[in-house]
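Some notes on the structure that comes next.
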There are 2 protein chains.
Amino acid sequence: MTSPSAAASSAATRSDAARNRGRLLDAAAGLIAERGSDVDVREIARRAEVGMGTLYRHFPTKEALLDAALEYVFTSWAASATAALTGRAWPDLSGFLADALTRQTASPGLLDAYCQALPGQAGNTARQHCRQQVGPLIADLVRAAHESGELRPDITAEDVSLLLVALGRIAPVVPEPAWRRILHVALDGLRTSAATPLPDAAQATPGH
Amino acid sequence: MTSPSAAASSAATRSDAARNRGRLLDAAAGLIAERGSDVDVREIARRAEVGMGTLYRHFPTKEALLDAALEYVFTSWAASATAALTGRAWPDLSGFLADALTRQTASPGLLDAYCQALPGQAGNTARQHCRQQVGPLIADLVRAAHESGELRPDITAEDVSLLLVALGRIAPVVPEPAWRRILHVALDGLRTSAATPLPDAAQATPGH
DNA sequence: CGTGAAACGGAGCACTCGCTCCGGCTACCG
DNA sequence: CGGTAGCCGGAGCGAGTGCTCCGTTTCACG
């Protein structure tokens, strides 16, 4: 996690102000990663070696700070995930999911934020951009896997997103082999060969 | 949700004490169902039409009260789930999962507690009994589905539990058709026909 | 009934957390 | 270098939350 300080200055900002802003973002990102989305502002300030006043001059509210920090984290996630693509559809898709869950294991707060950006969540507008970072990537992966014929055609990018969030909620909480098994099962369910008729978005009766 | 008051008296307890204990359990169970595991003790007391003192005489700590309430809820869940069994292995398994998720949709706090009882969670001992209510049932369902040959043989009851918890974490947060689709995909992945070699509990590489 | 042990209620304590306020300091301009 | 605009820090406020204390009321037994 390198510094996001670069994105600080727009006009003639005082240099110390820019530096402190960067420190706050770093500290917030780190704490979110370690402990999830409910962090104490005092602790962020302490970690950034900055006073409360400074924190609240740079960000109007705790929410705004977390939001800015998450945007940074998600952007870099999307970038590194994109860089890891090989062009082979199925390995890329499953690799992306495994990588996302590994990240989540290390930073339980990551998908927390992603989850809060699910459509229909109350007061989610501020977190939508988190989703916008990875959303298009997932859509691409899904499209490629459809074209290669390995992903069952009735699966949407939304389905994959939800699956990721669901698995992300347990990944930090169980030993890694356990969630890898579940991911494996899910991937098997996503394969063309496994397809049984899927309920569409309107109606639904899963069992048979 | 009928009254758990019956389980109140052991010796010559005063009748009002027994009644109030029951009210507290009812109120706690209701609030947990509605809003999840972080409820205000004052609100529990208010809903039970009881004072704070009463609450804390019956239960040494908030945790203990929630725990007792959850035990009640889980017991009745296990009972009604058992009653719904038909003897046909696969429909029973998928029906159980769908029913659990429907419950979770209505009471977001249900699987919260179940999740806290996952092995390896810190300070989970008090919630273990929640797991003990449904655990054996899942084990039975898995065993039956193995015997009927519909469930892939490399799946354990633990896998199914985890899958349930994972899906339960998103069920209350997305529209019902969405989580039904995911459940459907997961079930497809659990079928014998979908089986691709599963990483075992020790080593894991889910990839393609 | 009368009596006392036990239960009742809710004000209040100790603490946490998000946020504000303001006296002092410092980086930048001329 | 000096002046000042703007930034800095952290004590402190107000709103919550888990839990306790204790004066008052109620039940059940004789």
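Naming convention: chains lettered A, B, ... in sequence-line order (proteins, then strands); numbering from 1 in each chain. Bear in mind the structure is a predicted one, so any value in this text is a computation, not a measurement.
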Whole angstrom value for the distance that separates [atom2] of [N] from [atom1] of [X]:
{"X": "A/Arg46", "N": "D/dG10", "atom1": "CZ", "atom2": "P", "value": "11 Å"}
{"X": "B/Leu66", "N": "D/dT17", "atom1": "CG", "atom2": "C1'", "value": "13 Å"}
{"X": "A/Leu65", "N": "C/dC19", "atom1": "CG", "atom2": "P", "value": "10 Å"}
{"X": "B/Glu49", "N": "C/dC8", "atom1": "CD", "atom2": "P", "value": "14 Å"}
{"X": "B/Leu55", "N": "C/dA11", "atom1": "CG", "atom2": "P", "value": "16 Å"}
{"X": "A/His58", "N": "D/dC7", "atom1": "NE2", "atom2": "C1'", "value": "8 Å"}
{"X": "B/Asp16", "N": "D/dT25", "atom1": "CG", "atom2": "P", "value": "15 Å"}
{"X": "B/Met52", "N": "C/dG10", "atom1": "CE", "atom2": "P", "value": "11 Å"}

*Choosing from C/dG18, D/dC19, D/dC7, which nucleotide comes nearest the side chain of B/Thr61?*
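Of the candidates, D/dC19 comes closest.
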
*Just checking A/Glu43: base, sugar-phosphate only, or nothing, at a heavy-atom cut-off of under 4.0 Å?*
nothing

Can you check whether [X] has a side-chain N or O nearer than 4.0 Å to OP1 or OP2 of [N]?
{"X": "A/Tyr56", "N": "C/dT20", "result": "no"}
{"X": "A/Asn20", "N": "D/dC7", "result": "no"}
{"X": "B/Ser15", "N": "D/dA28", "result": "yes"}

Regarding [X] and [Y], does a basic nitrogen lie under 4.0 Å from an acidic carboxylate oxygen?
{"X": "A/Glu176", "Y": "A/Arg181", "value": "no"}
{"X": "B/Asp40", "Y": "B/Arg46", "value": "no"}
{"X": "A/Asp26", "Y": "A/Arg23", "value": "no"}

*Starting at the 5' end of DNA chain D and moving along, which residue's nearest nucleotide shows up first, B/Arg57 or A/Val50?*
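Looking at DNA chain D, the more 5' nearest nucleotide goes with A/Val50.
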
_Closest-nucleotide mapping onto DNA chain D: is B/Gly53 or B/Arg42 further toward the 5' terminus? I mean the 5' end._
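Result of the comparison: B/Arg42.
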
*Please assess A/Thr86 against A/Asp92 for the test side chain to side chain donor-acceptor pair (under 3.5 Å), listing each intermediate value before the final yes or no.*
CA-CA 6 Å; A/Thr86 64; A/Asp92 276 354; 2.9 Å; yes

_Could you check whether the side chain of B/Arg14 and the base of C/dA6 have a donor-acceptor pair of N or O atoms closer than 3.5 Å, going by distance alone?_
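Such a pair is found, so the answer is yes.
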
*Could you go through the side chain to side chain contact (heavy atoms under 4.5 Å, CB included) check for A/Trp90 and A/Arg191 one step at a time?*
CA-CA 9 Å; A/Trp90 187 263; A/Arg191 283 203 176 75; 3.3 Å; yes

